[in-house]
Amino acid sequence: MIPKSFDYNTLEDKIYQNWLKSKCFQPKPGKQNDTFTIMMPPPNATGTLHLGHASMLAIQDIIIRFKRMSGYETLWLPGTDHAAIATQDKVENLQFQKTGKNRHDFGREKFLQLVDEFVKQSQETIVKQTKKMGASCDWDQTKFTLDPELQDAVTEMFIRMYNDGLIYRGDRVINWDPKMQTTVADDEVEYKEEYTNFYYFQFGPVVIGTSRPETKFLDDTIVVHPEDQRYKHLIGKEFTHEWINGEITSKVIADESIDMELGTGAMTISPAHSFIDYEIAQKNDLKYERIIDLEGKILSSASKECAGMTIKEARKKVVEILKEKDLVTDIQNNYYHKVAVNYRGGGIIEPQLMEQWFIDVNKTVVDWKDQKMSLKQVMQDVVRSNDIEILPNSQENVYFNWIDKLQDWCISRQIWYGHRIPAWFKDGEVKVQIDSPGEGWKQDPDTLDTWFSSGMWTFSTLGWPNQTEMLKKFHPTDVLETGYDILFFWVARMILMTTYATGQIPFKTVYLHGLVRDKNGDKMSKSKGNGIDPLEVIQKYGTDAVRLSLVMGTRPGQDVRLFEEKIASYRNFVTKIWNSTRFALMNLDFDKIDKEEIDPTKLSEADKWILHETQEMIQTQTELLNQYRLSEAGTKIYDFLWNDFCSWYLEISKKNLNNKVLYLALSDILKMLHPFVPFVTEELWKLLGHKEMLMLEEWPEMNKNLLFPKEKEQIDNLKKTITAIRSVMADFDVSKDSHITIQHKSQTVIETNQDVIKHMAKVKTLELTNDFKHIPKTITQVVTPEITILLHLDQNIDLEAEKEKLSLEASNLNNFIISLEKKLSNKNYTEKAPEHIVEETRQNLETSQKKLTKINQRLKALSE
RNA sequence: GCGCGAUUAGCUCAGCUGGCUAGAGCAUCUGGUUUACACCCAGGGGGUCGGGAGUUCGAAUCUCUCAUCGCGCACCA
């Protein structure tokens with residue numbers, strides 16, 4: 001005999017190994033004659049598995065298993081991302097702790113070797129953990145963004161974009177991280193709240209306000225709003241006055257972008273260290289000079305007194321200097337503002353004017369739908385025209401908002417770990433090509449933004465730029481499933497890169513899952529100690545339970561709260577699945593099953609009912625899963641197994657089991673459960689005597705010959721009857737020696753299931769009659785117009801109590817009837833509402849009226 | 001400032017294109033050693049679907065508005 005619950009700790013790994021051994025994860029042509037592809041978002045090569053990954057793996061695995069069983073040739077391709085900045089920073093920190101050396105002490109080559117070693121180790125961990133989640137991805141196709149072929153693809157992409165004029169090298173203000181010594185993309189900048197001093201300085205004819213005095217050494221332009229009455233008369237004029245480095249001549253210009261309300265409404269600009277100042281300077285053709293160097297220190301060209309000082313030191317010094325010159329008019333403390341920091345390392349971002357590589361998002365050179373479009377336009381078009389659907393749809397607005405504001409994308413990074421830029425310099429000349437153009441040419445030391453390569457993930461992994469069979473077959477992919485937090489970072493970039501490179505969309509659907517939070521809705525974090533380690537709860541509750549807890553009750557785009565009680569409840573469900581099959585195994589006669597055919601004339605009502613319900617469930621599951629409504633599908637199959645199959649079918653049929661029906665229904669249910677809980681169902685499939693893997697079974701199809709609507713109605717009546725008996729017995733506390741009379745009109749299902757009723761409702765004496773007359777010393781329960789239950793009580797019963805009960809029921813029913821009648825007497829309703837709704841209402845009214853009549857008759861009898 | 005989301009039972013959440021008297025799990029109460037399952041079985045209590053207005057024959061569902069919470073983007077001289 002098999003044990004009472006699924007021993008996940010010892011069986012999960014074995015089952016997974018069996019899947020691997022049988023090559024279940026590889027694409028195989030199926031009856032759909034079509035492919036279905038998911039590219040797994042590559043986890044960072046440095047990481048370990050967290051709940052975000054676990055949730056992503058659960059969702060994708062459910063989808064891919066469903067599609068595989070449905071007969072698609074499925075490819076789920078796994079891999080890892082080199083995550084340039086994050087990885088380099090992590091390894092550098094580790095090495096510094098260990099040896100006290102930074103990357104420059106090691107040198108580029110040696111340092112990259114250390115990173116490679118570290119990455120290799122991490123990748124193994126991530127792969128092992130991914131397997132633990134039951135992910136049925138094709139490990140033979142595993143890719144890494146720094147694989148040689150993927151590196152080649154990146155280089156090719158860069159060269160093509162350069163030749164098309166989409167990549168250019170230019171001077172722009174970029175986000176510079178002095179700590180990590182690299183540029184950072186706009187999206188990688190985070191803002192931290194801070195309180196600081198806000199200074200007011202006399203600058204020639206005006207007072208200016210600033211929180212950054214240390215950038216003001218060379219300022220000589222005052223900007224005001226053209227409509228500002230306070231300053232209008234100054235516009236265009238020049239003034240000679242004292243400033244930090246001595247006497248200067250400044251000029252007043254006007255610009256619309258000035259906010260009159262802010263500070264004094266007048267400001268000076270430092271174009272080399274501010275995005276907005278740079279824009280103003282460009283518009284007005286002003287010169288710009290650098291004040292702060294890449295280390296975050298003041299340049300001697302800006303100030304002799306402050307040269308070499310840090311920003312903090314220089315700020316103090318500048319204020320001192322201006323105080324001496326009596327140019328400080330006010331200092332306000334506790335000024336609230338936000339400081340830009342690098343989200344990956346926390347260094348404070350200093351805007352710098354630098355020469356970098358950029359992708360031009362506005363140049364209209366991309367061929368798309370027989371037109372020339374800009375990258376920006378293509379990105380808008382594919383979502384607007386529904387080539388790509390984003391789930392939830394509300395995120396499409398977020399996407400468009402982002403695109404509208406999108407600026408040229410700075411793709412060069414001054415770090416070592418990553419894809420080297422294929423550009424060569426010599427005497428101010430630039431050549432973009434794979435190999436060195438010859439003697440004296442030096443390759444650009446910079447590497448590419450990590451999202452440049454991950455943007456190519458759907459096609460670089462399939463062999464692009466070569467037109468491989470894989471690429472032709474599996475691209476575009478079908479669904480991209482990832483967290484909404486990387487919609488811009490990654491999803492948008494994939495659309496940009498893929499449409500340009502391949503002329504195809506990267507995927508048809510974007511499914512954005514929410515973040516996993518704790519029970520209070522707080523983000524899980526190590527410092528708070530509220531995190532759940534997926535591997536720990538897998539150990540405790542099993543992978544199937546963890547997967548369910550990450551999928552059930554979720555919607556795309558909505559955060560998920562996870563806590564142990566929730567996981568435990570799904571562990572209980574896994575046990576329930578186990579025991580329902582265990583029961584079947586104890587009762588099935590395996591020798592006969594293959595030879596048996598379904599003969600509708602020999603089936604009980606319950607048999608027909610469960611076959612009917614199973615067919616409908618197949619239909620429902622298929623529809624919901626095709627629409628990626630995983631939680632709804634999961635909830636429905638959960639309910640079906642637990643209630644319909646276990647609580648009703650098995651209990652009704654216990655004493656009269658039909659081998660074949662039990663087997664058929666259970667098999668279909670296990671198949672439908674499989675995508676959600678692959679381990680326990682696979683094990684049970686084996687115990688049912690199958691040699692083939694469940695995961696390769698065909699998804700069931702609805703069989704119209706197994707629909708029995710009449711029996712469905714009959715069993716529904718039986719269920720109502722049993723529930724009513726149980727309820728009335730509990731109300732009057734008769735657990736032993738219960739005596740029930742069922743009055744009914746032509747209900748064969750009651751006749752044939754007397755034993756079932758006795759057993760399931762625990763009735764000791766049961767009588768049936770077609771006579772609806774009142775019997776003394778009984779409590780009445782009207783189930784349907786055709787079925788009434790009488791509970792016999794020995795002692796004198798409290799007539800008033802029963803009257804009260806019946807009266808309450810009658811009054812509720814009466815209210816209901818009134819509402820229905822009101823509806824039906826409303827012409828607008830009967831004319832405008834759909835016919836089937838009105839018909840339903842009519843029937844409902846009829847049934848309710850009949851039922852009410854019965855109750856009233858009984859009430860009348862009681863009063864006599 | 002612009003935008004997005006949430007608000008349904010004590011807790012965590014379902015409820016698709018508006019349509020039977022609003023659901024689940026957990027918790028709670030009552031009663032159960034029924035030979036698949038106490039990680040179980042049976043029964044019960046608990047909600048004016050955040051407030052207000054509107055559209056409609058009909059609103060938890062659509063529109064507007066207010067409130068509270070959360071998030072994103074921009075600005076930050």
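Reckoned from all heavy atoms, side chains included, excluding hydrogens, waters and symmetry mates. Naming convention: chains lettered A, B, ... in sequence-line order (proteins, then strands); numbering from 1 in each chain. Remember, predicted model here, so these are calculated numbers, not experimental data.
Put simply, A/Trp642 has a side-chain N or O that comes within less than 4.0 Å of OP1 or OP2 on B/C41. Contact between the side-chain N/O atoms of A/Ser647 and the OP1/OP2 oxygens of B/A42 is found at a separation under 4.0 Å. One finds no side-chain N or O of A/Asn828 lying less than 4.0 angstrom from the OP1 or OP2 phosphate oxygen of B/U56. Applying the 4.0 Å criterion to OP1 and OP2 of B/A74, one finds that A/Lys405 has every side-chain N and O outside that range.
Of the candidate nucleotides B/U21, B/A74, B/G43, B/U21 has the atom lying nearest to any side-chain atom of A/Lys823. Set against B/A42, B/A36, B/C39, the side chain of A/Ser5 has B/C39 as its closest nucleotide. Nearest to the side chain of A/Lys832, among B/G43, B/U56, B/G32, sits B/U56. Proximity note for A/Glu632 (side chain, C-beta onward) versus B/A14, B/A77, B/U21: the nearest is B/A14. Among the nucleotides B/G19, B/C39, B/U12, the one closest to any side-chain atom of A/Ala833 is B/G19. Of the candidate nucleotides B/C39, B/G43, B/C37, B/C37 has the atom lying nearest to any side-chain atom of A/Asn579. Closest to the side chain of A/Phe488, from the set B/G19, B/A77, B/C73, is B/C73. Which of B/U21, B/C41, B/G43 sits closest to the side chain of A/Lys576 comes down to B/C41. In this structure, the nucleotide among B/U21, B/G15, B/C37 sitting nearest to the side chain of A/Arg555 is B/G15. Closest to the side chain of A/Thr575, from the set B/C57, B/A77, B/C37, is B/C37.
Rounded to an integer number of Å, the gap from A/Glu835 CD to B/G19 P is 18 Å. Computed from coordinates, the A/Glu564 CD to B/U12 P distance equals 17 Å when rounded to whole Å. At whole-Å resolution of the value, CZ in A/Arg629 and C1' in B/C16 are 4 Å apart. For the pair A/Lys636 NZ and B/A24 P, the computed distance is 13 Å after rounding to whole Å. Rounded to whole Å, atom P of B/C73 lies 13 Å from atom CG of A/Asn175. Across the protein-nucleic acid pair, A/Ile349 atom CD1 and B/A74 atom P stand 13 Å apart, rounded to whole Å. Rounded to a whole Å, the CG atom of A/Asn826 is 8 Å from the P atom of B/C57. Whole-Å rounding puts the A/Trp648 CH2 to B/C37 P distance at 20 Å.
Residue side chain A/Asn401 does not reach the base of B/C73 through any donor-acceptor N/O pair under 3.5 Å, judged by distance alone. No hydrogens or angles were tested; on distance alone, nothing pairs the side chain of A/Glu651 with the base of B/A42 as donor and acceptor under 3.5 Å. Between the side chain of A/Arg582 and the base of B/C37 there is no donor-acceptor pair of N/O atoms closer than 3.5 Å. Not a single donor-acceptor contact under 3.5 angstrom links the side-chain atoms of A/Lys338 to the base of B/C76.
Taking atom P in both B/C75 and B/A67, one finds a spacing of 27 Å when rounded to whole Å.
Between A/Tyr278 and A/Tyr288, the ring-plane angle classifies as tilted under the 30° and 60° cut-offs. A/Phe201 and A/Tyr199 have parallel rings, their planes meeting at less than 30° on a 0 to 90° scale where 60° marks the start of perpendicular. Note on ring orientation: taking the six-membered ring where Trp is involved, the planes of A/Trp402 and A/Phe488 are parallel (angle under 30°, cut-offs 30° and 60°).
Residue contacts for A/Ser727: at a heavy-atom cut-off of 4.0 Å it reaches the sugar-phosphate backbone alone, with no base atom in range.
Side chain of A/Tyr484 to backbone of A/Gln558: no donor-acceptor contact under 3.5 angstrom is found.
Once the 5.5 Å centre distance and the 30° plane angle are applied, the aromatic ring of A/Phe816 is found stacked with the base of B/U21.
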